Amino acid sequence: MMSGNYTSIDNQNVSGSVPAAVPDPGHLTVKFEDSNLQTFPPSGAHGKIASGARPPRDADDTFSKPVSGSDESQQSGWLRVFSVSSYKSYFDVDTSDVLERIKDSLLPFSGTFNEKTSNSPDLYGPFWICTTLIFVAAAIGTFVTYVAHKIKSKDWEYDINVVQWSAGLFYGYVTIVPLVLYVILKYFSAPSGLVQLFCLYGYSLFVFIPALCLSIVPIEIFRWVVAGVAGVMSATFVAVNLRAHIVSAGERWFLIVAGIFLLQLALSVVLKLYLFTITV
């Protein structure tokens, strides 16, 4: 009997817990709205990234206008010599400009370098040309000396003075010679821009880079020919570009041009005697 009662109670509980049948609502249609994730950035963007994700306006003012009280806004007159901003325009060149001026320096008889750079002389090219010359001269000179010692089976020691001497020679030459020439031209009433002279003399040294590389060949007469050709090209480049300007100095213009030519030629002789005269 207990089993029967248990079955009856269980059936009643089950029948009482079954929910009523839910009527079929029929076919449901779900509609999704278009999302802005299909396009980036969204067309309805707001805030600081609006209008094509442009930077905030206060950033433009911060970086485009000098800050009041800064060195750039306060320094004037001769004090601008000590301001970095005064030299920014002389380094405002790109690769094509430098390559074009290097090409002109390898065409010494054209005489168009001063005309092309009269409004935009740069110091970027001269600085890196001199710096490259220092390391090339030291590296090539050391290598030639090393080979000469090894051929004769003698001990070789690296001479650090080669780097110091090269730096003093090239940096000193490209700085002192234009300064002296600037004073001379001003004395003869044919003044020229100082930066223009720095630019001219800096690019005139480029021809010595391939000349130094060719001087690896262990033939003495060949080294003299290379040094002579490089010296004549460099001297002609400077003299021809300054000739038209120095003519206005009067009858002594020929002496000035001849002095410029010979001084530049002497540089190549010094390089040959110091770097490529090998004594073992």
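Just so you know, these numbers come straight off a predicted model, no measurement behind them. Each residue takes its place number in the sequence, starting with 1.
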Would a 4.5 Å heavy-atom cut-off, applied to side chains only, mark [X] and [Y] as touching?
X      : Y      : result
Leu200 : Phe237 : yes
Phe170 : Leu271 : yes
Val217 : Arg223 : no
Leu242 : Ile256 : no

Minimum heavy-atom distance between [X] and [Y], given as atom pair plus value:
X      : Y      : answer
Pro126 : Gly202 : CB-CA, 3.6 Å
Arg101 : Cys199 : NH1-SG, 4.4 Å
Ala227 : Ser268 : O-CB, 3.4 Å
Tyr173 : Pro178 : O-CD, 3.5 Å
Leu265 : Gly228 : CD1-O, 4.4 Å
Val240 : Pro108 : CB-O, 3.7 Å

Residue of the set Phe206, Phe208, Trp128 for which side-chain contact (heavy atoms from CB on, under 4.5 Å) holds with Leu133: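 Among Phe206, Phe208, Trp128, the one meeting side-chain contact (heavy atoms from CB on, under 4.5 Å) with Leu133 is Phe208.
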Out of Val174, Asp122, Leu179, which one pairs with Phe198 under the side-chain contact (heavy atoms from CB on, under 4.5 Å) rule? Leu179
Polar contact flag, side-chain donor to acceptor under 3.5 angstrom, Gln196-Ser118: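 Side chains of Gln196 and Ser118: no pair found under 3.5 Å.
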We want to know whether Thr117 and Tyr203 form a side-chain donor-acceptor pair, criterion being a heavy-atom distance below 3.5 angstrom. no
